[in-house]
Amino acid sequence: MTVSNVWVFAQGADGAPTTGTLELLTKAREIGSSVTAFVVGDAGDLAAGLGEYGATKIYATGDIDGHLPGVAGAAAMKAVIDGGDSPDLILFPQNYEGRDIVARLSVKLDKPVLTNNTDIAVAEDVVIATTPVFGGTRMVSTTFTGGGPFLVVFRPKSFAAESAGGPAAEIVSAPVGDIGATGGAKVQAVHVEEHSGPKLDEANIVVSGGRGLGEAEKFEMIEALAKTLKGAPGASRAIVDAGWVPYSYQVGQTGKVVKPTVYIAAGISGATQHMVGMKGSKNIIAINKDKEAPIFGVADLGIVGDVHKVLPKLIEALQAR
Amino acid sequence: MNVIVCVKQIPDPAQVGELDPSDNTLKRDGKLILDESDSYGVEMALQLVGTAGSGEVSLISMAPNGEVSGLRTALAMGAAKAVLVSDPELAGSDALTTAKILAAATKRLGDVDLIIAGTESSDGYTGTVPEQMAEVLGLPSVTFAKSVAVDGDTLKVDRQTENGYDEISCTLPAVVSVTAGVVEPRYPSFKGIMAAKSKPVDAVTAADLGVTPVGWAGAGQEIVDVASAPERAAGEVVEDDGEGYLKIVEFLDKLKVI
Ligand SMILES: Cc1cc2nc3c(=O)[nH]c(=O)nc-3n(C[C@H](O)[C@H](O)[C@H](O)COP(=O)(O)OP(=O)(O)OC[C@H]3O[C@@H](n4cnc5c(N)ncnc54)[C@H](O)[C@@H]3O)c2cc1C
Ligand SMILES: Nc1ncnc2c1ncn2[C@@H]1O[C@H](COP(=O)(O)O)[C@@H](O)[C@H]1O
């Protein structure tokens, strides 16, 4: 047996596949001889984009009637597998939907899941996935001891997305079927937080603030600096938990993974769980009043100083240009 | 309303983690503490039961060496009783096995309306255990809950999403995973700490629960290599003398981003 039939759990936003999906498709193409995208929802808008990045077939559930994607997606995947198209490997993104679907599917298939990976290597039928531990200081490689389908979950930005120039993929219906009591959860309303400027995980410059800002109002400095630099504001979990900014701002293990050209950390200590989300940035600037703060260990430029003094001057100087 | 909270007992995260050189699993031999990620679930459960006016909060935990320190903390916060699954055979269990064990452990607690877990543990952070448990038990689930309320026999949950949040309604019984910071976990009172010492902890093995295989044999995965990641070198660190911001302007200028 070789790993040839590879699936990717694919997601769309604003009528196109997400960047994360394109990253996984690019890797899937390298591993498998046949790449299938699995979409929970309607795939009409996505066929061209998914095909361009290497999918030749798309399974799509169609409308899931307010059910949560975890239950619906896993049921639909299981039905296709039982119907005879069994993948050797399925790649999932480490995000809300990816995690929920892979968890349910693992139970249905009675197969283990490898989570939090940043790389994968496949030789014949052996799959080795690599995950960073201890804040990315050590890399652990794990293999499966049983047979497939192998279920592997990847952190965002683990791979670079590259177009394959493929034609639009064929869409095959993959109905959810009867989900019984597991379908008891339904979406009643959707709330979207308004956003201006570039998205946090796509911005060229990210300016993040932490507890060192002292109080919620001071986050305005972070927003002003981000705006001046045409970047996106981000945050440590400490100030998300404190309710200063919404969760969508969080950078780190439980938040977004960012790899901008410049990452500016202001009043952030540099906990391992924060660093796994920003260590891949090309350039890191840190401002912290404690010269022993771990963040300085990864910073290309570190300013030992008070954010309340450094930031206003910096913003003023940049705005004056 | 009867609520079960899954609580993981973990090595103190303030201590630097270490891998056991013999089998490359995370060392868990020292004293364990209640995972902070689960203290939110305990608090949420206590509040829901308090609002309902009847019922109790029970705990389930799988941990090595009959460890109860973390359980005692949660009992001191106000939980009534606990089931502890501890078994040398469980060392090396993966998330799926853990979920099967925890699902089986819930059966020892009789009728339950709601099972609460953390969105991810501080030391394992697979984030799959709660949803896997739900699937094993055939229950609906809502992950990433940032607020939870009970309205008759329906659960109302605000679920964190990429761009905001969704309002979800869910039938009971159900499994919910809660994000950090959703509630402010209470500190155990002195009275609570004293009372916790005599609260019942039902200690069982995997065999008692009828779950096999466990540990490495059941994990279906094996660590083949552990390597040091290339370190990111630290750059220039300067003390701010009032002109520190100019260093930043210079740096950004060099990168041609301004
Ligand atoms: C399971 C788990 C997952 C987690 N996931 C994440 C995650 O995704 N993202 C994340 O960020 N964290 C995460 N954390 C939390 C993480 O461990 C830290 O607690 C958090 O990152 C700390 O945030 P902080 O740096 O803002 O606060 P602190 O650690 O309190 O640091 C504040 C810093 O500000 C400095 N400071 C204070 N005043 C000033 C001043 N006037 N000027 C300049 N500097 C000043 C201090 O020297 C200090 O270094 C997670 C934790 C766990 C257990
Ligand atoms: N060994 C365990 N004992 C009790 N609960 C657990 C255990 N492992 C995981 N959990 C629960 O599942 C949640 C997610 O854990 P994880 O999937 O390991 O990230 C945790 O916050 C706990 O609520």
Side-chain angles (χ1 to χ4, degrees), chain A residues 70 96 99-100 102-104 106-107 111-116 128 132 134 136-146 181-193 205 241 247-248 253-254 261-262 279 283 285 296-305 309-310 313-314 317-318 321, chain B residues 17 24 94-96 99 119-120 125-128 131-132 134-136 138-144 160-171 174 179-181 219-229 232 234-240 244-249 251-252 255 257-258:
Chain A
Y96 304 94
R99 233 158 70 156
D100 284 1
V102 78
R104 293 251 175 201
S106 80
V107 175
K111 296 290 176 195
V113 185
L114 297 181
T115 40
N116 280 301
I128 296 178
F134 303 143
T137 53
R138 309 276 284 283
M139 305 299 290
V140 173
S141 298
T142 309
T143 190
F144 293 95
T145 54
T182 59
K186 286 228 173 177
V187 179
Q188 304 296 339
V190 175
H191 297 261
V192 176
E193 281 151 9
I205 298 184
D241 284 359
Y247 169 78
S248 55
Q253 181 177 304
T254 6
T261 306
V262 185
K279 242 170 109 173
N283 298 280
I285 301 174
F296 287 130
V298 299
D300 300 286
L301 173 63
I303 305 291
V304 182
K309 299 204 175 108
V310 180
K313 284 191 203 152
L314 178 60
L318 291 172
R321 285 162 68 97
Chain B
N24 282 324
D94 70 323
L96 180 56
T119 48
E120 58 177 20
Y125 53 89
T126 72
T128 55
E131 187 84 5
Q132 285 170 319
E135 181 68 22
V136 172
L139 294 178
S141 56
V142 187
T143 50
F144 289 93
Q160 198 98 68
T161 61
E162 204 71 53
N163 305 313
Y165 69 97
D166 288 352
E167 281 175 47
I168 313 270
S169 72
C170 186
T171 54
T179 58
Q221 59 189 52
E222 185 183 25
I223 293 174
V224 290
D225 186 43
V226 179
S228 288
R232 199 190 160 104
E236 186 190 5
V237 178
V238 294
E239 295 268 351
D240 178 36
Y245 72 100
L246 287 175
K247 278 276 184 194
I248 301 180
V249 175
F251 188 87
L252 294 173
L255 293 172
V257 292
I258 50 173

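Here is how names work: the chains are called A, B, and so on, in the same order as the sequence lines, proteins then strands, and each is numbered from 1.
Between A185(A) and P140(B), the shortest heavy-atom contact is N-CB, 3.9 Å. The two residues G305(A) and D240(B) come nearest to each other via the heavy atoms CA-CB, 3.9 Å. Nearest heavy-atom pair across L301(A) and F251(B) is CD2-CB, 3.8 Å. Among all heavy-atom pairs drawn from P112(A) and D94(B), the shortest one is CB-OD2, 3.4 Å. The shortest non-hydrogen separation linking Q132(B) to S106(A) is NE2-OG, 2.8 Å.
Side-chain atoms of I285(A) and L252(B), non-hydrogen and from C-beta on, do get closer than 4.5 Å to each other. Two residues are said to be in side-chain contact when any heavy atoms from C-beta on lie closer than 4.5 Å; T161(B) and V190(A) fail this criterion. Taking the side chain as every heavy atom from C-beta outward, T119(B) and R99(A) approach each other to under 4.5 Å. Between V238(B) and I303(A) the shortest side-chain heavy-atom distance falls below 4.5 Å.
Looking at N116(A), the atoms closer than 4.5 Å to chain B (heavy atoms on both sides) all sit in the side chain, from C-beta outward. Both the backbone and the side chain of T142(A) come within less than 4.5 Å of a heavy atom of chain B. Interface residue A299(A): only backbone heavy atoms are found under 4.5 Å from chain B. There is no contact between A99(B) and chain A, counting heavy-atom distances below 4.5 Å. Both the backbone and the side chain of V113(A) come within less than 4.5 Å of a heavy atom of chain B. For chain A, the nearby parts of S141(B) are the backbone and the side chain; heavy atoms of each come within less than 4.5 Å. In this structure, chain A has heavy atoms under 4.5 Å from both the backbone and the side chain of A134(B). For R321(A), the part lying near chain B is the side chain, with the backbone staying farther off; criterion is any non-hydrogen pair under 4.5 Å. Contact annotation for L96(B): only side-chain heavy atoms (C-beta onward) come within less than 4.5 Å of a heavy atom of chain A. Looking at A95(B), there are no atoms closer than 4.5 Å to chain A (heavy atoms on both sides), in backbone or side chain.
Chain B forms the most heavy-atom pairs under 4.5 Å with one residue out of I205(A), T254(A), V102(A), V107(A), and that residue is V107(A). Of the listed residues (L114(A), V310(A), N283(A)), the greatest number of heavy-atom pairs within a distance under 4.5 Å of chain B belongs to N283(A). For the set G146(A), G297(A), A317(A), the count of heavy-atom pairs under 4.5 angstrom toward chain B peaks at G297(A). Chain A forms more heavy-atom pairs under 4.5 Å with one residue of V249(B), V226(B), V136(B) than with any other, namely V226(B). When each of E135(B), K247(B), E162(B) is checked for heavy-atom pairs under 4.5 Å with chain A, E135(B) comes out on top. In terms of heavy-atom pairs under 4.5 angstrom with chain A, the leader among T128(B), T126(B), T143(B) is T126(B). Of the listed residues (V262(A), D241(A), T261(A)), the greatest number of heavy-atom pairs within a distance under 4.5 Å of chain B belongs to D241(A).
Within the model, atoms OH of Y245(B) and CG of L318(A) stand 10.0 Å from one another, a figure rounded to the nearest 0.5 Å. For the atom pair NZ of K111(A) and CD of Q221(B), the computed distance is 12.5 Å after rounding to the nearest 0.5 Å. L255(B) CG to D300(A) CG: the interatomic distance, rounded to the nearest 0.5 Å, is 8.5 Å. Residue K186(A) holds its NZ atom at 12.0 Å from SG of C170(B), rounded to the nearest 0.5 Å. In this structure, E236(B) CD and F296(A) CZ are separated by 12.0 Å, a value rounded to the nearest 0.5 Å. Note that CD of E120(B) and CD of Q253(A) are 5.0 Å apart. Values are rounded to the nearest 0.5 Å.
A perpendicular orientation is assigned to the rings of Y96(A) and F144(B), their planes being inclined by more than 60° (bins at 30° and 60°).
One side chain, S169(B) or Q188(A), offers a donor N or O that lies under 3.5 Å from an acceptor on the other.
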